[in-house]
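First up is the structure itself, then whatever we jot down about it.
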Amino acid sequence: MASPTTKDHSHIEIDDINEESQQMTEKDIVEKDMAPLPGSSIHRSSSRPQLDVSGAAIQGNFEEKDPAILLPNQTDDISHLALDIGGSLIKLIYFSRHADRQVDDGRKRKVKERLGVTNGSRRSYPILGGRLHFVKFETSKINECLDFIHSKQLHCGGMDPRCWPSDAPPSENAVIKATGGGAYKFADLFKERLGVCIEKEDEMNCLVSGANFLLKAIRHEAFTHMEGHKEFVQIDQNDLFPYLLVNIGSGVSMIKVDGDGQFQRVSGTNVGGGTYWGLGRLLTKCKSFDELLELSQRGDNSTIDMLVGDIYGGMDYSKIGLSASTIASSFGKTISENKDLEDYKPEDISLSLLRMISYNIGQIAYLNALRFGLKRIFFGGFFIRGHAYTMDTISFAVQFWSKGDAQAMFLRHEGFLGALGAFMSYEKHGLDDLMVHQLVERFPMGAPYIGGNVHGPPLGDLNEKISWMEKFVRKGTEITAPVPMAPPATTGLGGFEVPSSKGVLRSDASKLNVGVLHLVPSLEVFPLLADPKTYEPNTIDLSDHGELEYWFTVLSEHLSDLVDKAVASEGGTDDAKRRGDAFARAFSAHLARLMEEPAAYGKLGLANLLELREECLREFHFFDAYRTIKQRENEASLAVLPDLLMELDSLTEDMRLLTLIEGVLAANIFDWGSRACVDLYHKGTIIEIYRMSRKKMQRPWRVDDFDAFKERMLGSGDRKPLPHKRALLFVDNSGADIVLGMLPLARELLRRGTEVVLVANSLPALNDVTAMELPDIVAEAAKHCDILRGAAEAGGLLVDAMSNIQDGYKENTPSVPLMVVENGCGSPCIDLRQVSSELAAAAKDADLVILEGMGRSLHTNYNAKFKCDALKLAMVKNQRLAAKLVKGNIYDCVCRYEPAS
């Protein structure tokens, strides 16, 4: 039987892992459990106390965004920690609760009451808001893994490490869930060092359970990989089953998965990763698995494999569809050549081996998928480990044997399937019912990299992290630094060692990074999206290398100005300067990593890049870099608001609506995320720039649907349409943008009897206004406007500001409410698949959505369709975006109105 065609693949650098970490036991080499196993559900332990949720209550402020849940009857011996202890690597997953707390907010409580938002959930027990951490250790350094567990007191029930003294002993019944051969091998060591028992979980159960969770809960988990190109595949969790899971370890198991807890091992082969490593070690003298893989990328298998062309004089066998480069017999050419082993290049041998094994695994997998009529084949296991060339080879094999009808797919977290499954074997672990919109993956900086491998968890202590970052030295586009030294009298928590060489702040190009998985139960899908399944927030396609390079350049050029603002916001202290420098180095390293491997953190869009920047700022404790600037611009804008409102009130209804939209577009020029805007600030005051922008407002605009919007608002002739019931106004920048642009527009809607909800960021991002800041801005504006005052009172926004408002409110009639809700994010853009529960509740009665600003209406959501009327307003402050999106120029305006879908 002929084998797939030989293909050329680009060179990918391979990690260098110590020989001892690659040792496989005799048990590892033997393919286990060849007979099919009946499907079974994950075993829920009953030999130890379970998570006790009786008397569960919100801890602290009942109204906070992600309320922690206090379990008063919870015993100390429940630890949300699980391990997969393999022959080479220990994969560890642990849960930590959110540490941030918010003060009681009466205004927020009143808005929630009006919107009918509760902290209840759809489940019989609560989901704890927190984070899932993924950590790897070398099995040969298991003592460092034990040190790490002890340092965080995870074995004592580490739901919140602050609750435990460093010497707190575990209870007699303390149990840690684990899978893998090491769960048996090291059980006595865990008991001796930590005083806990290892409860062993079935490997195959854990594998399937972990895969099901990832495929249903992580949006960009599955991907294809062909000829070096990664493409993420969106999996519909309602159409996930059945699928084939191919786990390639030492041997290969093929598991048909029909549902949660329903699976069967339908096939397998003893020719797997152990075969490749074992034969490769004998034939090439390589000392590590990765060294063997690295050799394969420099090889030429045509010197060893017999090809179709070798048999047919360099010709194709076109009659049966075989090209001349198709492998007819692996290692077949060595039969007819009078050569010894040392006459062949080790790299050629390695490539021939890799293709022989990968192609056969791919063929067997496809035939089993065909046998059971399965549409999806997912590959994982030790053999793959995110290695680009291996994935390419398997993908090509599946494509070849299926004639393009099937695709091989891989998982970003595939190395953690077993550990995830073990974690989920805890009773009431809180993951079963999580939806994809409740999980947010973030990528904190500070995990040291050695030869492309993450050693230990991200550095948690800020000073430790900054000290490490300060060691970095720039060398062209690469940033290198010594690996952090272990503190005195420790064994080097997290696998750090005294460095013998340089470490690199990036993974190898063939690796897929795994971030920290944040569990945010309060996030929901925006209910007004016309079709959430087809919704894609990003407008800019960063899979285009030119586009990617351009936006990376924009962010890099803006970095120094951002650092200056961040440092100034913290008083310009030496500590702030130190943190600012560390942030710049860290974010530059993120950009370098993503430029090298755009899919390293999952599917990449411009919104993801901007959010990564804000997360990186917060990581180095810059929580509001533009605080001072926002305050100054708000004050300047509020000073001229009374004159603007007086001018608006003197206009006819038609002219007032046009002037209001012009005002929103003109005021949207104030955006510190735009280089063009930053340059403008050097040429005049905020009011001078606003007036200049207003004077240049001439129709038709680049995208001009104003007439259609006016007809919906005011009607035509004698037809007067009913006002909208509720409008959601997604606001953008502080200063003139909110005060002179969106607030007057909100006032007009209120005047017409429409409830207005101002939707703002939960966390600061650039100079964007936040939901926490808006009530004070509204209170100041209400001093000069009866309409705003009445609506703000009705919406509960003046609870804390009534004493500051002058007497003189004239109207006693009930007003429609003006409310403020947070959107659930802290980025200049917004992904409407993950919004706050408050916003989702407010949307249920809304029939008008207004998205304002480049980030929310152009960079994201320009193509979004809604169930209700939608108006998208923005001034384009980037020439490339203007040319690409609206075929226009910088400072062109967009007024896009779309009636309900």
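Just so you know, residue 1 is the first one in the sequence shown, and it goes up from there.
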Partner residues of [X] under the side chain to side chain contact (heavy atoms under 4.5 Å, CB included) criterion, sequence neighbours left out:
X    : answer
K375 : D239
N608 : N538, L604
L370 : Y366
A408 : F379, I394, S395, V398, F410

By salt bridge (charged side-chain N to carboxylate O under 4.0 Å, His left out) - contacts of [X] (at least two apart):
X    : result
E231 : none
D405 : none
K345 : none
K533 : D236

Looking only at heavy atoms, the pair that brings S425 and K177 closest together is OG-CD, 3.2 Å

Check your understanding: Are K333 and D305 ion-paired here, with the side-chain N under 4.0 Å from a carboxylate O?
Key -> no

Applying salt bridge (charged side-chain N to carboxylate O under 4.0 Å, His left out), which residue pairs with at least one partner in residues 268-277 are found, sequence neighbours left out?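 Qualifying pairs, neighbours excluded: none.
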
With [X], which residues qualify under ring pair (Phe, Tyr, Trp, His ring centres under 6.0 Å), at least two apart?
X    : answer
F372 : none
F190 : none
F378 : Y243

query = Just by distance, do the side chain of Q297 and the backbone of Y389 share a donor-acceptor pair under 3.5 Å?
reply =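 Side chain of Q297 to backbone of Y389: no pair is present.
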
Report the relative orientation of the aromatic rings in F148 and F137; use parallel for angles under 30°, tilted for 30 to 60°, perpendicular for over 60°.
->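 The arrangement is tilted - the two ring planes meet at 30° to 60°.
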
task = Assign the ring pair F396 / Y359 to parallel, tilted or perpendicular, where the plane angle (0 to 90°) is split at 30° and 60°.
result =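 Answer is tilted, since the angle falls between 30° and 60°.
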
Check whether Y184 forms a cation-pi arrangement with K200 (NZ or CZ under 6.0 Å from the six-membered ring centre, at most 45° off the ring normal).
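Relative to the ring axis of Y184, which defines the angle, K200 lies inside both limits.
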
